[in-house]
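Below: the structure, in C-alpha cells.
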2 protein chains.
Amino acid sequence: MPPVPVKGVGTKTAPRRAGRPPRALLGHAQITRAALRLVTRDGYKALTMSGLAKSLNVAPSALYNHVSSKQDVLLLVEDALMGRVDVSAFTERPWEEAVRLWAHSYRDVFSAHLPLIPVIALLPVTNAPQTITMYEAVTDGFLRAGWPQERIINAIVALESFVFGSAYDVNAPGDIFATGELEDAAPHFTAAVARRGNPAGHNDADAAFALGLDAMVAGLAATLASATR
Amino acid sequence: MPPVPVKGVGTKTAPRRAGRPPRALLGHAQITRAALRLVTRDGYKALTMSGLAKSLNVAPSALYNHVSSKQDVLLLVEDALMGRVDVSAFTERPWEEAVRLWAHSYRDVFSAHLPLIPVIALLPVTNAPQTITMYEAVTDGFLRAGWPQERIINAIVALESFVFGSAYDVNAPGDIFATGELEDAAPHFTAAVARRGNPAGHNDADAAFALGLDAMVAGLAATLASATR
DNA sequence: ATTGTAAATGAACGTCATTCATTTAGTGAA
DNA sequence: TTCACTAAATGAATGACGTTCATTTACAAT
C-alpha cells in the first residue's frame, strides 16, 4: 500500500442553526466513541465500517453522511487517543524527566493501536485538536528548558520516531529473534539473543526502550548544552 | 488490525530429487522477483495476489502452491530487501561511524517499503536468511567494539526502532505540522514549526534523523563506556 | 503404456469499503 | 395545518481483494 492517501476529516457534522433540536443518531462523537469501544474490545480487525455501523444500530452507508472514508474514522480515533498521552510532566518536572514520562506514555497508548501509527506519522495534524494540543504542550516544555526554536521540531520528531518504532516492538513475539535452522549461520547473533539480559521487572521491549530512551535523552541534552554554550 | 497473524514462510518449493528437471513456472525466487518489480514500479497498492499472478502470466491460485498467504509474499520481499542494507562498515570502520552508516542505509531501504515495517518488527526472523545475515554482521560489529553480549540486542532493537519510525517520517508530507484553523490554540508549536531550521542539503526528515541518530549513538557510546569501566 | 504427483487452472466464496437512488422525519415558512 | 425543504438513514448494488477447491495438466519414474 502506498504512503496512505491523505485527507483531513471529511464531512463535518452539519452546522445547525441555533435552537434546532438534533434528530441525528450519528455524529463525530458517537462514531469516535463506538470505534474506540469496538477496537478496545475486539481489536482493529473488528473495526470495519459494517461492524462499526452495527455497533451503532445503523446501516453502514449512514456513516458516510458524517465521515468521508474509513481513514477518517481512524483519524478521529487517533486524535481521541492523543488526548490520553500524558504531557503533564512538561509543566511540573525538569526537561529530561518530562521527556521520559511523555515518551513512555506516548508509547504505551499507541502500542495498543499499531494501525494508527501510519496515520499519525503520515497525516497532517490539521483538524486534530488533541494532537495539536499535545504538540503545543511538548513544544512549550522544550522552550522552557531553553531549547532554541529551530531545533525543537526536529528533536520532537526524532523522539517520536523512536516512540513509534518502540510501540511496534512492544507487540513483537518473544521468539522474534529465533534463528531456527539458520542458527549456525549466525553464531554471534544467536549467542547475543540467548544472553540478552534485562533488569528486574523489565521485559525485552521495556529494556530496549529504556536503553534507547536514556541514550537519546542524554544525547539530546548534550546537544542542547553545546548549542546554548 | 491485531498484531499481525504470524507464521513463517509456508509452502516451500518442493524438494526435488536430484536429476529431476524442473517443469514449474513458479518458485520463491520468481515470486520474490516479480513482487519486487511490481512494488518498485507501481507501489504497494498494486501488490495484489491477482496483480502478482498476472505479472507472472499465471492464475492467482497458482501462487498458493508456493506461498501460503500474502503475508508470505511480504516476508519474501522483506528478506530480499534486507540484503540491500549495507553492513559493510561494521568490518571497515569504527563502531560509531559504522552504526551511523548502517542506520542510514537501513532507513533508506525501508522508507520506500513502509508496509513491510510491521512485517519486520513483528515477525520472527526464522527462515529469513538475509535478515539473519544482517543481524549477524551488526552483532559482530558490536562485539568487536567491546559491547557486552547482554546489551547488544537491546541496543540493536533501540536503534532499529528509531530507524523504523524515521522511515515513516521520510514519507510524511511537508505540511504534516500545518495547524490550519487551530493555529491560535498552539502558538508555540506553530512558531517552532515555522522556524524549523535545517542544515544545508538536508530536508526535514534528514535533519530530524541526523539529530536523533547523533544523540542516540552518542548516548549509547556513553553507556558502553560506563559499562566497561 | 501406466501410474503418481507437483503444479496450474478457473470457478466460486466471503469480506471489505464505498456509491447511489430512494425514503424518512423533523423544521421553517406559508 | 399544510407544504416544501433538507439532513440523515436505508438497502441494494458494485468492484476489489484474499483465499479455497475440485479438476486438469504434464512430466518422471516404474
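Lettering follows sequence order; numbering is per chain, from 1. What you see is a predicted model, and the numbers here were worked out from it, not measured in a lab. All values below come from the heavy atoms of this structure, side chains included, with hydrogens, waters and symmetry mates left out.
- Atom pair A/D72:CG and C/dA17:C1' shows a separation of 13 Å (rounding to whole Å applied).
- B/L52 has its CG atom 14 Å from the C1' atom of D/dC17, to the nearest Å.
- We find that NE2 of B/H28 is positioned 13 Å from C1' of C/dA7, with the value rounded to whole Å.
- Sorted by first and then second residue, the pairs that involve residues 115-141 of chain B and meet salt bridge (Lys or Arg N to Asp or Glu O under 4.0 Å), not counting sequence neighbours, are B/D140-B/R144.
- Side-chain atoms of B/L26 lie closest to C/dA8 of the nucleotides C/dT9, D/dA9, C/dA8.
- With hydrogens and angles ignored, a donor-acceptor pair closer than 3.5 Å exists between the side chain of B/N65 and the base of C/dA8.
- Under the ring pair (Phe, Tyr, Trp, His ring centres under 6.0 Å) criterion, B/H188 pairs with no residue at all, not counting sequence neighbours.
- Applying the ring pair (Phe, Tyr, Trp, His ring centres under 6.0 Å) criterion to A/Y135, with sequence neighbours excluded, gives B/F177, B/F189.
- Whole-Å rounding puts the A/N57 CG to D/dA8 C1' distance at 16 Å.
- Pairs passing the salt bridge (Lys or Arg N to Asp or Glu O under 4.0 Å) check and including a residue from residues 116-130 of chain A, sequence neighbours excluded, do not occur.
- Side-chain N/O atoms of B/H66 include one lying less than 4.0 angstrom from OP1 or OP2 on C/dA8.
- For an aromatic pair to be called close, the ring centres must be under 6.0 Å apart, and A/H104 with A/F209 satisfies this.
- For B/R151, there are no salt bridge (Lys or Arg N to Asp or Glu O under 4.0 Å) partners two or more places apart in sequence or in a different chain.
- The interatomic distance linking A/K54 (NZ) with C/dC16 (P) rounds to 10 Å, in whole Å.
- Within residues 30-41 of chain A, no residue has any heavy atom under 4.0 Å from DNA chain D.
- No donor-acceptor contact under 3.5 angstrom links the side chains of A/N198 and A/D206, judged on distance only.
- A/K45 has its NZ atom 10 Å from the C1' atom of C/dT15, to the nearest Å.
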Between side-chain atoms of residues 112-119 of chain B and protein atoms elsewhere (two or more places apart, or another chain), which donor-acceptor pairs fall under 3.5 Å?
from: B/H113; atom 1: ND1; to: B/Y44; atom 2: OH; distance (Å): 2.6

What are the atom names and distances for every N/O pair under 3.5 Å that joins the protein to nucleotides 19-21 of chain D?
from: D/dT19; atom 1: OP2; to: B/Y64; atom 2: OH; distance (Å): 2.8
from: D/dT19; atom 1: OP2; to: B/K70; atom 2: N; distance (Å): 2.8
from: D/dT19; atom 1: O5'; to: B/Y64; atom 2: OH; distance (Å): 3.3

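- Applying the salt bridge (Lys or Arg N to Asp or Glu O under 4.0 Å) test to residues at least two apart or on different chains, none of the pairs has a partner in residues 25-44 of chain A.
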